[in-house]
Colleague: 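This is the structure, below, for whatever I ask next.
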Amino acid sequence: MNAATLPTISLFDTMTGRKQELQTLEPGHCGMYCCGPTVYGLSHLGNARAALVPDVMVRFLRHQGYEVKYVRNITDIDDKIIKLGSEEGIPAQEVADRYAAEYKRDMADLNILDPDVEPRVSEHVPQIVDLVQTLIDKDLAYEVEGDVYYRIKNFKGYGKLSKRNIEEMLESAGSRIDVDQRKESPLDFALWKAAKPGEPGWDSPWGQGRPGWHIECSAMSSTHLGDSFDIHGGGRDLIFPHHENEIAQSQGAHGEDTYARYWSHNGFIDFDGEKMSKSLGNFFTTREITALYDPEAVRYFLLTVHYRSGLNFEVEVKCPSCGALMDKEGQESGRCPTCETETPTDVLRKQVRFPGLEEADDRMAYIYSTLSQARRFLATAKKPGNEEPVTSGVEGMLMTFVAHMRNDFNTSGALGALSKALGEVNGLLDSGKGVSKAVRYLTIERFVSDMAEVADILGCFGQDPDQWLANRRDGKAARMGLDIAKVENLLVKRTTARGDKDWEAADRIRDELTELGVGVQDGPDGSVWSFL
RNA sequence: GGCGGCAUGGCCAAGUGGUUAAGGCGACGGUCUGCAAAAUCGUUAUCCCCGGUUCGACUCCGGGUGCCGCCUCCA
């Protein structure tokens, strides 16, 4: 793509603390590295968001004409993995492989595309050893008894990403954790850790050992994107120490003007206003959520808030015995504050409700149903021979959508741009009153084709609408234990009653359906049902 | 304690000094309907407080207040 035709895209850069115009190293190309998971357990929703945010960025950059090389690593050498392996009596690598596969499955469920390269630490040990040696040669690292530490006082930019200064950090160092006395400075961090007996190890000039936590990203990004590349992303919490240390390592080895040109960090997911943590009640794995709600609705919900903001999941748990809403203490203890019944917490977990996700799911259904009707209309109506302008909301939809996306990937604003078009199209679908046949057809046609572009960018609304709607219905029916045959049967009876204008009987049947949690919609072509 | 972020209608949430301050949910009213539902249309905010810069600030600066995060493994 010609540089002159590239659109202006701004993104927030953590290093400078403001939005910057994206100027890639090579016009039209974009190299992007994101910190992927450490695979010691099932992914949680925070992992999902951290993968989703760059996924949408990459999709959008590609839509805008960039050739993107997207690298997301898998950290498969780590203390927690080793610990788990020894607990289970299997090699650490087996643990890592297992959870890497599960991660892949969870991400695929959420329609998150595979990165172009998904490097693993275990496959880059030689590059890591080289990098550590370079740092030692440059006096930026030192060896102690088989461990290698980064010598922070010799890297003058330390703290520039997280805006901390070394003196202040030294003052508080050691107040929260014990400092290894062999380190020259409490702030020095491990590049290489000597293997203890029984631990997995790789050969190195300093003996058997394994990489420290931060070095892998420096080594793997260089390997796959070069010493300098465009965007480096990850969760907010990685700013310090992880990314700060990456900078020290990579710029220490390759020069001050190298490494990531832009730093992008996504916000956290909270449950009931609290950061997700492993304490019961607000820690949810990706698949716990996707078992309860359609994965695409989950994806949509995550995109309704700007990626740098925190995203709160409201959590509702009803007491199984009295039906009252349980407060946070109740959720944690399992004891209902209203009727004092004790319920095992694992039972409570399975009937958690997330009102935000329900709303998102309803919205998805609205959009897919609009798409479905639009397609049906286009399949039966005749394409007009003349050209006429489409209605204003549909006309402006894609342009407004893209403008929001160019402004720091503002998915929330972008999503808002769909509403007017959706309203207009549903209006036209309902009736052609007041507009010409050409306007009606062309507007609906344009909407369907522009929505396909939106779907490519967001990774939402791209499925076959009828298929999606059917899946949703079946899934909900199964979760509610609804007998669909019974519903259909009642619907037939009611249609007969309505044909006889027996309104009393029709309304009685409708009440019966309401009891089942089912609503009916009567239309000119008969009646259909949906969930209330 | 240090550093960073946030504060917009009943709730959620965009907002790039001058815009009628998006959009969603909810509520209320209309159209449609046998009645409903769905769909659709309309109504529903002056942006935490105090100063400052400016012709003009929700938007920039300073000071409060209140939340939250990072500083230890964490997305």
Side-chain angles (χ1 to χ4, degrees), chain A residues 8 10 14 17 19 34-38 40 43-54 78-80 159 161-165 167-169 171-173 175-178 187 213 233-242 244 265-270 273-278 301 304-306 308-312 314 355-356 358-360 362-363 365-366 369-370 373 400 403-404 406-408 410-420 422-431 433 498 501-504 506-507 510-511 513-514 518-524 527-530 532:
Chain A
T8 302
S10 71
T14 307
K19 275 187 212 171
C34 281
C35 291
T38 302
Y40 62 95
S43 74
H44 58 240
L45 225 46
N47 294 308
R49 191 183 195 195
L52 172 63
V53 166
D78 169 86
D79 292 1
K80 289 186 287 288
L161 181 70
S162 54
K163 276 74 178 171
R164 292 155 208 255
N165 77 61
E167 286 73 45
E168 282 170 359
M169 287 166 70
E171 279 174 33
S172 60
S175 62
R176 301 178 71 175
I177 46 159
D178 292 336
L187 300 181
W213 175 34
R236 247 180 144 68
D237 56 329
L238 295 181
I239 296 172
F240 189 89
H242 188 57
E244 197 69 70
H265 293 99
N266 62 268
F268 277 107
I269 283 177
D270 293 347
E274 273 184 13
K275 180 184 163 179
M276 176 166 63
S277 79
K278 292 222 172 187
F301 181 61
T304 56
V305 176
H306 187 90
R308 281 191 285 117
S309 304
L311 199 173
N312 187 44
E314 207 184 317
E358 259 156 54
E359 191 182 315
D362 287 345
R363 185 73 179 162
Y366 165 74
S369 125
T370 306
Q373 289 170 258
T400 310
H404 275 107
R406 284 179 180 162
N407 179 22
D408 195 25
N410 185 352
T411 52
S412 184
L415 250 9
L418 308 184
S419 293
K420 187 142 183 283
L422 252 355
E424 284 175 0
V425 168
N426 272 303
L428 291 172
L429 253 11
D430 272 357
S431 103
K433 250 195 290 181
R498 290 186 75 232
K501 295 200 190 297
D502 183 355
W503 308 126
E504 260 179 64
D507 290 352
R510 185 164 62 197
D511 289 343
L513 287 163
T514 306
V518 165
V520 280
Q521 289 88 250
D522 300 327
S527 303
V528 292
W529 65 276
S530 66
L532 290 171

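Every value quoted in this text rests on a predicted model; they were computed, and no experiment measured them. Just so we're on the same page: letters track the sequence lines, and every chain starts at 1.
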Colleague: With hydrogens left out and only the distance checked, is there a donor-acceptor pair under 3.5 Å joining A:His44's side chain and the base of B:A75?
Modeller: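 Such a pair is found, so the answer is yes.
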Colleague: Does NZ or CZ of A:Arg236 fall inside the cone over A:Phe268's six-membered ring, less than 6.0 Å from its centre and within 45° of the axis?
Modeller: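 No, A:Arg236 and A:Phe268 do not form such a contact.
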Colleague: Report yes if at least one side-chain N or O of A:Tyr366 is closer than 4.0 Å to OP1 or OP2 of B:U40; otherwise report no.
Modeller: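 Yes, A:Tyr366 has a side-chain N/O under 4.0 Å of OP1/OP2 on B:U40.
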Colleague: Could you tell me whether the side chain of A:Glu314 and the main chain of A:Pro355 form a donor-acceptor pair under 3.5 Å?
Modeller: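 Flag not set: sc A:Glu314 to bb A:Pro355 has no pair under 3.5 Å.
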Colleague: Please report the distance, rounded to the nearest Å, between NZ in A:Lys275 and P in B:A75.
Modeller: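 Result: 9 Å.
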Colleague: Whole angstrom is fine here: how far is it from NE2 in A:His265 over to P in B:C6?
Modeller: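 For the pair A:His265 NE2 and B:C6 P, the rounded distance is 15 Å.
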Colleague: From the list B:G2, B:A39, B:G5, which nucleotide is the closest neighbour of the side chain of A:Glu168?
Modeller: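 Side chain of A:Glu168 sits closest to B:G2.
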Colleague: OG1 of A:Thr400 to NZ of A:Lys420: how many Å apart, nearest 0.5 Å?
Modeller: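 Interatomic distance, A:Thr400 OG1 to A:Lys420 NZ, rounded to 0.5 Å: 9.5 Å.
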Colleague: Would you indicate what A:Ser162 reaches in the nucleic acid, counting non-hydrogen atoms under 4.0 angstrom: base, sugar-phosphate, or nothing?
Modeller: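 Sugar-phosphate contact only - A:Ser162 comes under 4.0 Å of backbone atoms but never of a base.
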Colleague: Just compare B:A75, B:A13, B:C70 and give me whichever is closest to any side-chain atom of A:Phe240.
Modeller: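 It is B:C70.
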Colleague: Could you please name the option among B:G34, B:A14, B:G24 that lies closest to any side-chain atom of A:Ala506?
Modeller: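 Between B:G34, B:A14, B:G24, the one nearest the side chain of A:Ala506 would be B:G34.
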Colleague: Without decimals, in angstroms, what is the distance between A:Asp511 CG and B:A37 C1'?
Modeller: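 Spelled out: CG on A:Asp511 to C1' on B:A37 is 13 Å.
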Colleague: Side-chain N or O of A:Asn410 less than 4.0 angstrom from OP1 or OP2 on B:A14?
Modeller: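 Negative; the distance criterion is not met.
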Colleague: How far, in whole Å, is B:G15 from B:G30 if one measures between their P atoms?
Modeller: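 Here B:G30 and B:G15 have their P atoms 36 Å from each other.
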Colleague: Got a donor-acceptor pair under 3.5 Å from the side chain of A:Asp507 to the base of B:G34?
Modeller: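 Result: at least one qualifying N/O pair found.
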Colleague: Taking only the side-chain heavy atoms of A:Gln521 (C-beta and beyond), determine which of B:G34, B:C3, B:A37 contains the nearest atom.
Modeller: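 So the side chain of A:Gln521 is nearest to B:A37.
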Colleague: Say whether A:Gln521 and A:Ser530, considering side chains only, have a donor N or O and an acceptor N or O under 3.5 Å apart.
Modeller: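 The criterion, which ignores hydrogens and geometry beyond distance, is satisfied for A:Ser530 and A:Gln521.
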Colleague: When the P atoms of B:G62 and B:C6 are compared, how many Å lie between them, rounded to an integer?
Modeller: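 So the two P atoms sit 13 Å from each other.
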Colleague: Roughly how far apart, to the nearest Å, are B:A37 and B:C32 at atom C1'?
Modeller: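 So the two C1' atoms sit 11 Å from each other.
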Colleague: Only one of A:Asn410, A:Asn266, A:Asp408 clears side chain to side chain donor-acceptor pair (under 3.5 Å) with A:Arg308; which?
Modeller: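 When A:Asn410, A:Asn266, A:Asp408 are each tested with A:Arg308, the side chain to side chain donor-acceptor pair (under 3.5 Å) holds only for A:Asp408.
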Colleague: Say you pick atom P in B:A39 and the same atom in B:A21; how far apart are they, in whole Å?
Modeller: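 The same atom, P, in both gives a distance of 28 Å.
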Colleague: Report the distance from atom NE2 of A:His306 to atom C1' of B:U8, rounded to the nearest whole Å.
Modeller: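 Whole-Å distance recorded here is 16 Å.
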Colleague: Where each residue is assigned the nucleotide of RNA chain B containing its nearest heavy atom, which of A:Ala50 and A:Gly310 is assigned the position nearer the 5′ end?
Modeller: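 The residue whose closest nucleotide sits nearer the 5' end is A:Gly310.
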Colleague: Hey, does A:Leu532 reach any base, or is it just sugar-phosphate, or nothing, if we go heavy atoms under 4.0 Å?
Modeller: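 Here A:Leu532 touches no strand at all.
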Colleague: A:Arg236 side chain: which of B:G23, B:A75, B:G5 is closest?
Modeller: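 Among the listed nucleotides, the one closest to the side chain of A:Arg236 is B:G5.
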Colleague: What is the separation between atom NE2 on A:His242 and atom P on B:G4, rounded to the nearest whole Å?
Modeller: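 These atoms are roughly 22 Å apart.
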Colleague: Is A:Gly235 touching bases, backbone alone, or none of the nucleic acid, heavy atoms closer than 4.0 Å?
Modeller: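 Counting heavy atoms under 4.0 Å across all strands, the contact made by A:Gly235 is with sugar-phosphate only.
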Colleague: What does A:Asn426 touch in the nucleic acid at a heavy-atom separation under 4.0 angstrom: a base, only the sugar-phosphate, or nothing?
Modeller: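 The answer is sugar-phosphate, as A:Asn426 gets under 4.0 Å only of primed atoms, P, OP1 or OP2.
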Colleague: For A:Leu311 and A:Arg49, run side chain to side chain contact (heavy atoms under 4.5 Å, CB included): C-alpha distance rounded to whole Å, both residues' side-chain angles, the deciding distance at 0.1 Å, then the answer.
Modeller: CA-CA 10 Å; A:Leu311 199 173; A:Arg49 191 183 195 195; 3.8 Å; yes
Colleague: Nearest to the side chain of A:Arg498, heavy atoms from C-beta on, is which of B:C70, B:A22, B:G34?
Modeller: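 Selected nucleotide: B:G34.
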Colleague: With rounding to the closest Å, how many angstrom separate the C1' atoms on B:U54 and B:A75?
Modeller: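 Taking atom C1' in both B:U54 and B:A75, they lie 42 Å apart.
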Colleague: Please state the C1' separation for the pair B:A57 and B:G10 - nearest whole angstrom.
Modeller: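 Looking at atom C1' only, B:A57 and B:G10 are 27 Å apart.
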Colleague: Assign A:Asn165 to base, sugar-phosphate, or nothing according to its heavy-atom contacts below 4.0 angstrom with the strands shown.
Modeller: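 Result for A:Asn165 = nothing.
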Colleague: Do A:Met276 and A:Asp270 have side chains that get closer than 4.5 Å, going by heavy atoms?
Modeller: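 A:Met276 vs A:Asp270: side chains apart.
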Colleague: So that I can compare with my own list, what are the stems of RNA chain B, taken as at least three consecutive Watson-Crick or G-U pairs with distances under 3.5 Å?
Modeller: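 Listed by first number, the stems are B:1-7 with B:65-71, B:10-12 with B:23-25, B:26-31 with B:39-44, B:48-52 with B:60-64.
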Colleague: Identify which nucleotide among B:G2, B:U16, B:A14 has an atom closest to any side-chain atom of A:Val305, counting heavy atoms from C-beta outward.
Modeller: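 Taking heavy atoms from C-beta onward, the closest nucleotide is B:A14.
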Colleague: Identify which nucleotide among B:A75, B:A39, B:A22 has an atom closest to any side-chain atom of A:Tyr40, counting heavy atoms from C-beta outward.
Modeller: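 Nearest to the side-chain atoms of A:Tyr40, counting from C-beta on, is B:A75.
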Colleague: With heavy atoms under 4.0 Å as the rule, sort A:Ser412 into base, sugar-phosphate or nothing.
Modeller: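 Base contact - A:Ser412 has a heavy atom under 4.0 Å of at least one base atom.
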Colleague: Whole Å only: how far is the CD atom of A:Glu244 from the C1' atom of B:G4?
Modeller: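 Taking CD of A:Glu244 and C1' of B:G4, I get 13 Å after rounding.
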Colleague: Could you measure between the two C1' atoms, the one in B:C55 and the one in B:G69, and give it in whole Å?
Modeller: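 Going atom to atom, C1' in each nucleotide, I get 40 Å.
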Colleague: Take the protein atom CD of A:Gln373 and the nucleotide atom P of B:A39, then report the distance between them rounded to whole Å.
Modeller: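 These atoms are roughly 9 Å apart.
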Colleague: Could you measure between the two C1' atoms, the one in B:C48 and the one in B:G42, and give it in whole Å?
Modeller: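 Straight-line distance between the two C1' atoms is 31 Å.
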Colleague: Tell whether A:Arg510 reaches the base of B:A37 with its side chain through a donor-acceptor pair below 3.5 angstrom.
Modeller: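 Checked by distance alone, the answer is no.
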Colleague: So which heavy atom on A:Phe301 is nearest to which on A:Asn312, and how close?
Modeller: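 Residues A:Phe301 and A:Asn312, closest heavy atoms: CZ-O, 4.0 Å.
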Colleague: Please examine the side chains of A:His404 and A:Ser412, heavy atoms only from C-beta on, and report whether any two atoms are closer than 4.5 Å.
Modeller: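 A:Ser412 does not reach A:His404 side chain to side chain.
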Colleague: Does B:A75 have OP1 or OP2 sitting under 4.0 Å from an N or O in the side chain of A:Asn47?
Modeller: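 For B:A75, OP1/OP2 do have a side-chain N/O of A:Asn47 under 4.0 Å.
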Colleague: At 4.0 Å (heavy atoms only), tell me whether A:Leu238 reaches a base, stays on the sugar-phosphate, or touches nothing.
Modeller: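 The answer is sugar-phosphate, as A:Leu238 gets under 4.0 Å only of primed atoms, P, OP1 or OP2.
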Colleague: When you measure only distances, ignoring hydrogens and angles, does the side chain of A:Asp522 come within 3.5 Å of the base of B:C35 through a donor and an acceptor?
Modeller: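 Present.
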Colleague: Strictly below 4.0 Å: does A:Thr304 bring a side-chain N or O up to OP1 or OP2 of B:A14?
Modeller: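 Answer no for this pair, as no side-chain N or O of A:Thr304 is under 4.0 Å from OP1 or OP2.
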Colleague: Classify the nucleic acid contact of A:Ser309 as base, sugar-phosphate or nothing, counting any heavy atom under 4.0 Å across all strands shown.
Modeller: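 A:Ser309: backbone/sugar contact only, no base atoms under 4.0 Å.
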Colleague: Indicate the atoms forming the closest heavy-atom contact of A:Gly310 with A:Val305, along with that distance.
Modeller: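 It is O-CG1, 3.8 Å.
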Colleague: Mind checking if A:Gly423 touches a base, just sugar-phosphate, or nothing, with heavy atoms under 4.0 Å?
Modeller: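 Touches sugar-phosphate only.
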Colleague: Within this structure, what is the CG-to-P distance between A:Asp270 and B:A75, rounded to whole angstrom?
Modeller: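 Rounded to the whole Å, the gap is 15 Å.
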Colleague: Given that A:Glu504 and A:Leu415 both sit by RNA chain B, which one's nearest nucleotide is further toward the 5' end?
Modeller: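 So the residue in question is A:Leu415.
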Colleague: Take A:Asn426 and A:Thr370 through the side chain to side chain donor-acceptor pair (under 3.5 Å) test and state the conclusion after the steps.
Modeller: CA-CA 6 Å; A:Asn426 272 303; A:Thr370 306; 3.0 Å; yes
